[in-house]
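Have a look at the structure below before the remarks.
In what follows, chains carry the letters A, B, and so on, assigned in the order in which the sequence lines appear, proteins first and then strands, with residues in each chain numbered from 1.
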Amino acid sequence: MKYWLMKSEPSEVSVEDVLAMPNQTVEWFGVRNYQARNFMLREMQVGDGVLFYHSSCAQPGIVGVARIARAAQPDMTQFDPESHYFDPRSSADKPRWFCVAVKVERKTRCLDLVTLRRDPDLAQMRVLAKGNRLSITPVAAVEWERILAYLGVDWETL
DNA sequence: GCCAACGTTGGC
DNA sequence: GCCAACGTTGGC
């Protein structure tokens, strides 16, 4: 089992928005970066743990715990000329972009960036690396466990 | 709104 | 394949 941190802008899809969706599950549409796509396409497995992160907002940070609910499938927004995420280079028989489905298990208090940066044990987190812009980053098991302990979440009994 | 950092594009 | 120009991300 692997662990991930996935960023979403709350003005687009917040953790509260996902909790209001059927099965508290959302298609992770809109990823247009190959590294992030490849994580979804090649490395994520159903059941993997996810830290739900709010970005581009007043208080960026981890706001929930989730899991991968469905393997990668073509991201339908790439085919929709009306969509902000439309990609004219994609076609139905040759999709370029994919998305997994993510089920939110718990909304948590916001573990904000400042707090994350203060913990030397989390200093190696990919999301905290200087210049990181990846919207999906792997999380080490020790980092995952530390963060869940911070949040008071017991993954095994969710 | 600024801007550092990084990814992508496209001419050569 | 190189790399300059451009676009995007995302914290501040």
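- Rounded to a whole Å, the CG atom of A/L134 is 16 Å from the C1' atom of C/dG11.
- The backbone N or O of A/N132 sits nowhere less than 3.5 Å from a side-chain atom of A/R126 that would complete a donor-acceptor pair.
- To the nearest angstrom, C1' of C/dG11 lies 12 Å from CG of A/L128.
- A close approach under 4.0 Å does not occur between any side-chain nitrogen or oxygen of A/Y85 and OP1 or OP2 of C/dT8.
- For A/D80 and A/T77, the side-chain atoms include no donor-acceptor pair closer than 3.5 Å.
- Using a 4.0 Å cut-off between charged nitrogen and carboxylate oxygen, A/R32 and A/D75 count as a salt-bridge pair.
- Listed by chain and number, the residues in a salt bridge (charged side-chain N to carboxylate O under 4.0 Å, His left out) with A/R70 are A/E27 (sequence neighbours excluded).
- In this structure, A/M125 atom CE and C/dG11 atom P are separated by 13 Å, rounded to whole Å.
- For A/L5 and C/dT9, the CG to P distance is 17 Å, given to the nearest whole Å.
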Provide a list of protein-nucleic acid N or O atom pairs under 3.5 angstrom, restricted to nucleotides 4-7 of chain B.
{"from": "B/dA5", "atom 1": "OP1", "to": "A/K130", "atom 2": "NZ", "distance (Å)": "2.7"}
{"from": "B/dC6", "atom 1": "OP1", "to": "A/K130", "atom 2": "O", "distance (Å)": "3.4"}
{"from": "B/dC6", "atom 1": "O2", "to": "A/R133", "atom 2": "NH1", "distance (Å)": "2.7"}
{"from": "B/dC6", "atom 1": "O2", "to": "A/R133", "atom 2": "NH2", "distance (Å)": "2.6"}
{"from": "B/dG7", "atom 1": "O4'", "to": "A/R133", "atom 2": "NH2", "distance (Å)": "2.9"}

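- Rounded to an integer number of Å, the gap from CD of A/Q59 to P of C/dG10 is 17 Å.
- Counting only distance, with no hydrogens or angles, the side chain of A/S8 and the backbone of A/H54 share no donor-acceptor pair below 3.5 Å.
- Note: CG (A/L113) to P (C/dT9) measures 17 Å, nearest angstrom.
- With hydrogens and angles disregarded, no donor-acceptor distance shorter than 3.5 Å links the side chain of A/D87 to the backbone of A/Q78.
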